[in-house]
Amino acid sequence: MTEADFIVALRNLPLHPGARGLQDDCAVLELGAETFILTHDAMAEGIHFRSNADLADVAWKLVASNLSDLASKGAEPIGILLGYSLGHSLEQGEERFLSGLHEALTEFGTSLLGGDTISSQGPRTFGLTAIGKASHTPVPSRSGAQPGDKVYVTGTLGAAMLGFEGTAEFLAAYNRPTPRIGEGRALAPAATAMMDVSDGLLLDAFRMAQASDVTLAISSDNVPVANADRRDESMRWGDDYELLFTLPADLRPPIEASCIGSVEIKGFAPLMLDDHPLVNRDGLGYQHSQKT
């Protein structure tokens with residue numbers, strides 16, 4: 001069973017309306033006059049981080065990746081719930097993890113609400129649930145892109161890839177990314193669709209196009225990348241945690257962002273890259289294990 005198959009199977013379970021059909025980055029819960037945003041992400045040793053990684057960096061990234069999902073909904077973080085596996089694979093790992101967790105929570109202005117710990121002798125896994133409050137309603141989704149909209153992305157793509165490979169100036173981009181929380185709040189009232197770029201620009205754009213039932217036409221030359229000689233790789237590599245969003249053509253983004261394409265009426269391909277149709281998501285970015 002592939003990851004996509006598993007998610008399809010989950011959609012056959014009883015779903016809360018706030019789950020948005022499991023087709024968005026977060027759940028959206030309306031409680032009285034408030035709207036709350038919830039998301040959960042996990043990281044596993046040997047898949048999401050190396051066995052010799054500094055657990056302070058792992059803790060930071062675990063927080064940042066979840067807050068990036070909140071940012072894509074324009075949410076203000078409230079707090080986190082942590083799932084932690086105690087183990088012995090890394091000496092003094094707990095102390096380093098706690099140090100990084102403290103740094104991340106302080107940097108991003110949120111706090112620990114609780115969670116759970118387990119004992120594990122195998123590869124370490126960490127889970128985190130982030131809870132936020134919507135800054136604007138309706139809350140942006142992946143599914144709102146309209147024909148005629150322009151497609152934008154924040155920041156520079158491929159920096160995390162270079163950091164993963166050991167390029168000194170980009171190490172922080174991979175180890176300690178910064179979620180675009182302020183940018184998400186600024187965009188929430190105007191964006192017709194929005195999501196974070198965590199699995200690669202092309203794959204995430206493909207997902208947005210499918211959710212919105214449109215075609216996204218992207219010009220690769222307009223995509224901001226850290227290394228122009230590796231533009232294609234940069235558009236397929238994950239871990240950038242930038243925001244991908246669409247705006248009506250007559251609106252300018254209220255933040256710094258690059259226009260990389262446009263939204264078209266649904267064609268036979270969800271994604272057009274330099275006028276070439278991409279009909280299959282395979283190879284467009286990071287996808288979890290193909291077999292489970």
Side-chain angles (χ1 to χ4, degrees), residues 15-43 59-83 101 103-115 126-145 149 151-155 176-199 204-205 207-208 211-212 238-247 251 253-257:
L15 296 181
H16 189 282
R20 292 185 161 186
L22 301 184
Q23 294 184 359
D24 211 333
D25 302 272
C26 304
V28 179
L29 297 181
E30 296 181 3
L31 298 175
E34 300 287 358
T35 300
F36 295 95
I37 316 298
L38 294 89
T39 188
H40 181 90
D41 247 343
M43 294 176 64
W60 177 290
K61 195 168 186 176
L62 183 64
V63 174
S65 63
N66 278 273
L67 296 189
S68 182
D69 282 337
L70 295 188
S72 73
K73 305 300 116 187
E76 181 71 35
I78 294 175
I80 65 162
L81 297 165
L82 175 68
L101 186 64
E103 291 176 284
L105 295 179
T106 301
E107 176 69 20
F108 303 130
T110 191
S111 54
L112 181 67
L113 293 169
F126 308 112
L128 190 144
T129 298
I131 302 170
K133 184 169 69 174
S135 64
H136 181 272
T137 55
V139 175
S141 70
R142 295 183 181 185
S143 61
D149 288 352
V151 183
Y152 294 86
V153 69
T154 61
R176 297 205 171 197
T178 300
R180 299 288 193 171
I181 297 170
E183 291 88 340
R185 290 200 304 266
L187 288 166
T192 51
M194 184 158 57
M195 65 184 295
D196 76 328
V197 180
S198 56
D199 293 333
D204 287 328
R207 290 166 171 164
M208 178 181 282
S212 297
D239 276 351
D240 287 307
Y241 301 107
E242 297 293 347
L243 294 178
L244 173 69
F245 62 97
T246 57
L247 288 177
L251 291 183
I255 61 164
E256 185 175 346

Would a 4.5 Å heavy-atom cut-off, applied to side chains only, mark [X] and [Y] as touching?
X      : Y      : answer
Leu29  : Leu38  : yes
Thr178 : Phe108 : yes
Ser72  : Asp25  : yes
Trp60  : Glu107 : yes
Thr192 : Leu247 : no
Ile131 : Leu113 : yes
Ile255 : Leu187 : yes
Pro177 : Asp240 : no

Could you grab the distance from atom [atom1] of [X] to atom [atom2] of [Y], nearest 0.5 Å is fine?
X      : Y      : atom1 : atom2 : answer
Ile37  : Cys26  : CD1   : SG    : 6.5 Å
Met208 : Phe245 : CE    : CZ    : 9.5 Å
Ile181 : Ser135 : CD1   : OG    : 11.0 Å
Arg207 : Met195 : CZ    : CE    : 6.0 Å

Given 3.5 Å as the limit, does a donor-acceptor pair link the side chain of [X] with the main chain of [Y], or not?
X      : Y      : value
Ser212 : Arg142 : yes
Ser65  : Lys61  : yes
Thr246 : Ala193 : yes

Polar contact flag, side-chain donor to acceptor under 3.5 angstrom, Thr39-Asp69: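 Yes, a side-chain donor-acceptor pair sits under 3.5 Å.
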Output, in order, the C-alpha distance, side-chain angles, deciding distance and verdict of side-chain hydrogen bond (donor to acceptor under 3.5 Å, both in side chains) for Thr154 and Glu183. CA-CA 9 Å; Thr154 61; Glu183 291 88 340; over 6 Å; no
Pair Arg20-Ser141, side-chain contact (heavy atoms from CB on, under 4.5 Å): steps then yes or no: CA-CA 9 Å; Arg20 292 185 161 186; Ser141 70; 3.2 Å; yes
Could you pull out the closest heavy-atom pair between [X] and [Y], with the gap in Å?
X      : Y      : value
Gly144 : Asp149 : O-OD2, 4.4 Å
Asp204 : Asp199 : OD2-N, 3.1 Å
Asp24  : Pro140 : OD2-O, 4.1 Å
Leu128 : Asn66  : O-OD1, 2.9 Å
Gly74  : Met194 : N-CE, 4.4 Å
Ala64  : Pro179 : O-CB, 3.7 Å

Quick test of your reading of the model: are Arg176 and Glu103 salt-bridged, counting only N-O distances below 4.0 Å?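 Yes, Arg176 and Glu103 are salt-bridged.
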Would you call Asp196-Arg180 a salt bridge at under 4.0 Å N-O?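 No.
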Start with the C-alpha gap between Thr137 and Thr35, add the side-chain angles, then the distance that decides, and say whether side-chain hydrogen bond (donor to acceptor under 3.5 Å, both in side chains) holds. CA-CA 8 Å; Thr137 55; Thr35 300; 5.4 Å; no
With side-chain contact (heavy atoms from CB on, under 4.5 Å) as the criterion, how do Thr129 and Asp41 come out once you've worked through the C-alpha distance, each side chain's angles and the decisive distance to 0.1 Å? CA-CA 7 Å; Thr129 298; Asp41 247 343; over 6 Å; no
Carefully, step by step, assess Ile78 and Thr110 under the rule side-chain contact (heavy atoms from CB on, under 4.5 Å). CA-CA 6 Å; Ile78 294 175; Thr110 191; 5.6 Å; no
